Amino acid sequence: MYDRLAGEWWRPRGVFAMLHWLAAARARLVPAATREGAVLVDLGCGAGLLAPHLAGKGYRHVGVDLSAEALRQAAGHGVLGVRADVAAVPLADGCADVVVAGEILEHVPDLPRAVAEACRLLRPGGLLVIDTLAATALCRRLAIDVAERIPRIAHRGVHDPALLVDRAVLVEECARHGVPLTLRGIRPSLTDFASWLLRRRGDVRMLPVRTTAVLFQAWGRRES
């Protein structure tokens, strides 16, 4: 599907519009690099939507994705591409100061394996940043039944309900690999979204919410 819709990646009002909003929110969890030569590994990087939001933060941005066309587009935005499955990344242990897994874990058939890879790539003290969809009835209703029927919010059929992320499993698996997580929910600003639909603004802010039962962010540092 992503190859078929490759021309949509960088259209701010295209079918991947919400991925742009999420990329901006994800980048806000990434601090400026604290050392020269710092590396950020972007799992499921797509066409590099995170790249503009990392400008000036001091990272070498390495993107991992299965789509050759997405990686080609990402390279045009300064991302060093690695064509691979996020569950089997051909990069060295502890190579990354930051590992980002944005809107990818809800697409992987083996969550523990993907989490193990993400944590393996982190150096001690390195930061893991995640955003994904929760395995709840509410999420299935809102993120699939509703969102996939709203143009430019979620493409029809993009989410498999069976792959939505069990938050307890995610926390347990990350902890098992030495990365304790903090979770918080996020949602689009409703006023921004209404203005966006009316073409009065070009993007939509993602706001924190108390519930993690639908869309949520998670972050944590690998213990030494």
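Positions are given from 1, in the same order as the sequence printed here. Because the structure is predicted, anything quoted here is derived from the model rather than measured.
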Exercise for the section: Please check if the side chain of R222 supplies one atom and the backbone of L121 the other of a donor-acceptor pair under 3.5 Å. Expected result: no
* Audit row: V108, R113, side-chain contact (heavy atoms from CB on, under 4.5 Å) steps and yes/no -> CA-CA 9 Å; V108 300; R113 185 176 174 188; over 6 Å; no
Is it true that Y59 and V41 fall in one hydrophobic cluster, defined by side-chain heavy atoms closer than 4.5 Å? no
Of I186, T212, L181, the one forming a side-chain contact (heavy atoms from CB on, under 4.5 Å) with Q217 is I186
Heavy-atom closest pair (L19 atom, W9 atom, distance to 0.1 Å) is CD1-CZ3, 3.8 Å
H20 and H53 have their tightest heavy-atom pair at O-NE2, 4.1 Å
Tell me, do P180 and E223 make a side-chain contact under 4.5 Å, heavy atoms counted?
yes
| said: For a side-chain contact (heavy atoms from CB on, under 4.5 Å) check, start with the C-alpha distance between H61 and D42, then their side-chain angles and the critical distance, and finish with the verdict. | reply: CA-CA 7 Å; H61 188 173; D42 187 356; 3.0 Å; yes
* To do: Determine, stepwise, if the pair L170 / F216 fulfils side-chain contact (heavy atoms from CB on, under 4.5 Å).
  => CA-CA 12 Å; L170 176 64; F216 68 93; 3.8 Å; yes
| Does the side chain of D192 reach to within under 4.5 Å of the side chain of L207, using non-hydrogen atoms? | no
Common cluster, V100/L29, ILVMFWY with side-chain heavy-atom separation under 4.5 Å:
yes
>> Same cluster or not: L22 versus L50, using hydrophobic residues (I, L, V, M, F, W, Y) connected whenever any side-chain heavy atoms lie under 4.5 Å apart?
In response: no
Parallel, tilted or perpendicular: which one describes the rings of W10 and H77, with boundaries at 30° and 60°? parallel
Got a sec: does the CZ of R200 have more than 12 other heavy atoms crowding it under 6.0 Å? no
- Query: Can you hop from V179 to V169 via hydrophobic side chains spaced under 4.5 Å?
  - Reply: yes
Notebook entry, point to check: Donor-acceptor pair, R140 side chain versus L164 backbone, under 3.5 Å?
Noted result: no
Compile the donor-acceptor pairs under 3.5 Å between side chains in residues 124-137 and protein atoms, sequence neighbours left out, one pair per line.
| from | atom 1 | to | atom 2 | distance (Å) |
| --- | --- | --- | --- | --- |
| D131 | OD1 | R26 | NH2 | 3.3 |
| D131 | OD1 | E103 | N | 3.3 |
| D131 | OD2 | R26 | NE | 2.5 |
| D131 | OD2 | R26 | NH2 | 3.4 |
| T132 | OG1 | E106 | N | 3.4 |
| T132 | OG1 | E106 | OE1 | 2.7 |
| T136 | OG1 | C139 | N | 3.0 |
| T136 | OG1 | A213 | O | 2.5 |

Q: Could you tell me whether the side chain of K57 reaches within less than 4.5 Å of the side chain of L40, counting heavy atoms only?
A: no
Tell me whether V30 shares a hydrophobic cluster with V39, the cluster being built from Ile, Leu, Val, Met, Phe, Trp, Tyr side chains joined at under 4.5 Å.
no
- Query: Are any side-chain N or O atoms of R176 and backbone N or O atoms of A116, one a donor and one an acceptor, separated by less than 3.5 Å?
  - Reply: no
- Query: Take atom CZ in R167; do more than 12 heavy atoms of anything else shown fall under 6.0 Å from it?
  - Reply: yes
dist W196:CH2 -> M18:CE (nearest 0.5 Å) comes out at 10.0 Å
Scanning both residues in full, the closest heavy-atom pair of S67 with R83 reads C-NE, 4.5 Å
*Would you call D203 and R201 a salt bridge, using N to O less than 4.0 angstrom?*
yes
Closest non-hydrogen contact found for I104 with L43 is CG2-O, 3.8 Å
Rounded to the nearest 0.5 angstrom, the CD-CZ distance for E8 and R13 is 12.5 Å
Heavy-atom nearest pair, L122 first then D97, reads CD2-O, 4.1 Å
- Determine whether V115 and C119 make a side-chain contact, defined as any pair of heavy atoms from C-beta on separated by less than 4.5 Å. yes
Next on the checklist: Taking the side chain as everything from C-beta on, heavy atoms only, tell me whether L142 gets closer than 4.5 Å to L215.
Outcome noted: no
Exercise. Tell me, do H177 and E117 make a side-chain contact under 4.5 Å, heavy atoms counted?
Worked result: no
Close side-chain approach of M206 and P188, heavy atoms under 4.5 Å
yes
Problem - Min side-chain heavy-atom separation L71-C45 under 4.5 Å - result: yes
Closest non-hydrogen contact found for D65 with G44 is OD2-C, 3.4 Å
